[in-house]
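Working notes, structure below.
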Amino acid sequence: MVDGYHQLTDSQWQAMHPWLPVRRKRRLCLRAVVNALLYVCRTGCQWRCLPNAFPKWTAVYYYYRRWQQDGTLQRLNRALNEADRQAHGQEATPDVLCLDSQSVKLAPRIAEHRGTDGGKRVNGRKRQVLVDRNGRIWACRSHAANQHDSRGAAPILLERRHWGPRVTTIITDHAYRGHFTKGLLARGLRHEIGSRPPSAKGFVPAGCRWVVERTFAWLNFFRRLVMDYEYTPESHAAWILWANVSLCLNRLL
């Protein structure tokens, strides 16, 4: 884990620029835009407080929204995940993925998609992340914290094209039985419940689900994600992918 914000190195930019619209000439340097986005994600800086060393916040926000909506961010995230896996001697895409959720507080004065997770006593939203065995995020979603995990995770199934063709099994806890299981079976995927052995005492990592908890711990290094500051759940999910992009770049180069 790299502490603090660092600008993109030449090798990191070379790894990611093929997946960005760099072919058309423009006045704004996209490398500076990406640096600004990684800065906001790492430091939690408000848009209007973006330092003068970066492009104007309105321009940075424009690309942030555009890449989120046109799929550029998702394609970039998958490409870096595949490159990171291959660099560690693995197949480009995984065959097993793990899914879990985490409830986080929502910033004050935001009423949209807000709810209370009674079990964890958190008033805010819940984020769902789908990771491989090494904790790389392949898909994510944010929704009100009072929504059940099984129904809240169902839209993630619509993003199967970003997982790769080798996925056969999704590992979750018992909370995902029902609606989510039916969606998996309808797509020809296997649902496996990962739980600790009944005879276990104290803290025992449950199957390979502990890698999801480790990923949640990694997200705490990005101040934009320590708390949900976004007006829309889609925006929070986009920042989760930017955090994963940053992690992959730091591991790769």
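The first residue in the sequence is number 1, and the count goes up from there.
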Under-4.0 Å salt bridge between D10 and R31: yes
For Q86 against A92, the heavy-atom pair lying closest together: NE2-CB, 3.5 Å
Working for side-chain contact (heavy atoms from CB on, under 4.5 Å), residues N220 and L225: CA-CA 7 Å; N220 288 329; L225 297 172; over 6 Å; no
Heavy atoms of other groups near Q46 CD, more than 12 under 6.0 Å: no
N-O pairing of D228 and K105 below 4.0 Å: no
Minimal non-hydrogen separation, S235 against Q68, with atom names: N-NE2, 3.9 Å
Within one Ile-Leu-Val-Met-Phe-Trp-Tyr cluster: L30 and L37, side-chain cutoff 4.5 Å: yes
Heavy-atom closest pair, residues A144 and G115: CB-N, 4.1 Å
Aromatic contact, Y64 with W239 (centres under 6.0 Å): yes
R141/E159 under salt bridge (Lys or Arg N to Asp or Glu O under 4.0 Å): CA gap, chis, key distance, verdict: CA-CA 10 Å; R141 184 175 183 262; E159 303 180 21; over 6 Å; no
H179 and S150 side chains, donor-acceptor separation under 3.5 Å: no
Test log, rule side-chain contact (heavy atoms from CB on, under 4.5 Å), inputs E91 and R166: CA-CA 9 Å; E91 294 285 342; R166 298 180 63 246; 3.5 Å; yes
Within-4.5 Å side-chain heavy-atom neighbours: V60 and K56: no
T93 vs W163 side-chain heavy atoms within contact, under 4.5 Å: no
Considering all heavy atoms, the nearest L253-A15 contact: CD1-CB, 3.9 Å
4.5 Å side-chain heavy-atom contact, R42 and Y39: no
F54 and Y5 aromatic ring geometry - parallel, tilted or perpendicular at 30°/60° bounds: perpendicular
Minimum side-chain heavy-atom gap V167-V96 below 4.5 Å: no
Donor-acceptor contact below 3.5 Å, side chain D84 vs main chain C248: no
Single-linkage hydrophobic cluster L99~L189, side-chain heavy atoms < 4.5 angstrom: yes
OH/Y231: more than 12 non-hydrogen atoms of other groups inside 6.0 Å: no
Modelled atom types, side-chain donor and acceptor of T116 and N146, under 3.5 Å: no
Within the 6.0 Å centroid threshold, strictly below: F222 and W242: no
Heavy-atom side-chain contact between V131 and R136 under 4.5 Å: no
W19 atom CH2: more than 12 heavy-atom contacts under 6.0 Å: no
Approximate separation, where rounding is to 0.5 Å, of T169 OG1 and L97 CG: 9.0 Å
R127 and H236 side chains, donor-acceptor separation under 3.5 Å: yes
Euclidean distance, Q12 CD relative to S246 OG, rounded to 0.5 Å: 8.0 Å
Criterion side-chain hydrogen bond (donor to acceptor under 3.5 Å, both in side chains) on N81 and D132, from CA distance to verdict: CA-CA 10 Å; N81 278 340; D132 61 15; over 6 Å; no
Other residues, nucleotides, ligands: >12 heavy atoms within 6.0 Å of R214 CZ: yes
Flag if over 12 foreign heavy atoms under 6.0 Å of CZ, R151: no
Spacing of CD belonging to E192 relative to CD1 belonging to I171, to within rounding of 0.5 Å: 4.5 Å
side-chain hydrogen bond (donor to acceptor under 3.5 Å, both in side chains) between S101 and D149, worked out: CA-CA 7 Å; S101 66; D149 286 351; 3.2 Å; yes
Approximate separation, where rounding is to 0.5 Å, of L247 CG and W218 CH2: 6.5 Å
H143 and Q128 side chains, donor-acceptor separation under 3.5 Å: yes
Y176 and F180 aromatic ring geometry - parallel, tilted or perpendicular at 30°/60° bounds: perpendicular
Donor-acceptor pair between Q90 and N134 side chains, under 3.5 angstrom: yes
Lys/Arg N to Asp/Glu carboxylate O, R114 vs E112, below 4.0 Å: no
A145 to V122 - nearest heavy-atom pair and separation: CB-O, 4.2 Å
ILVMFWY network linking V129 to L241, side-chain heavy atoms under 4.5 angstrom: yes
Lys/Arg N to Asp/Glu carboxylate O, R224 vs E230, below 4.0 Å: yes
Flag, side chain of R187 to backbone of G183, donor-acceptor distance under 3.5 Å: yes
Residue pair W67, V34: steps toward the side-chain contact (heavy atoms from CB on, under 4.5 Å) verdict: CA-CA 11 Å; W67 293 344; V34 175; 4.0 Å; yes
Reported CG-to-CZ distance for the pair L158 and R161, which is rounded to 0.5 angstrom: 8.5 Å
Hydrophobic cluster identity match, W138 and L219, side-chain contacts under 4.5 Å: no
Interatomic distance, Q7 atom CD to N35 atom CG [nearest 0.5 angstrom]: 5.0 Å
Linked, directly or transitively: F221 and L252 (ILVMFWY side chains, under 4.5 Å): yes
Flag, side chain of T215 to backbone of V211, donor-acceptor distance under 3.5 Å: yes
Non-hydrogen side-chain atoms of T172 and D100 separated by less than 4.5 Å: no
W47 and Y61 aromatic ring geometry - parallel, tilted or perpendicular at 30°/60° bounds: perpendicular
Side-chain heavy atoms of I110 within contact of Y229, under 4.5 Å: no
CZ (R26) with more than 12 external heavy atoms under 6.0 Å: yes
Closest heavy-atom pair and its distance - L50, A36: CD2-CB, 4.1 Å
Intermediate values then yes/no, side-chain contact (heavy atoms from CB on, under 4.5 Å), Y63 and L28: CA-CA 11 Å; Y63 282 102; L28 196 62; 3.6 Å; yes
Heavy-atom check, side chain of M16 versus side chain of L76, under 4.5 Å: yes
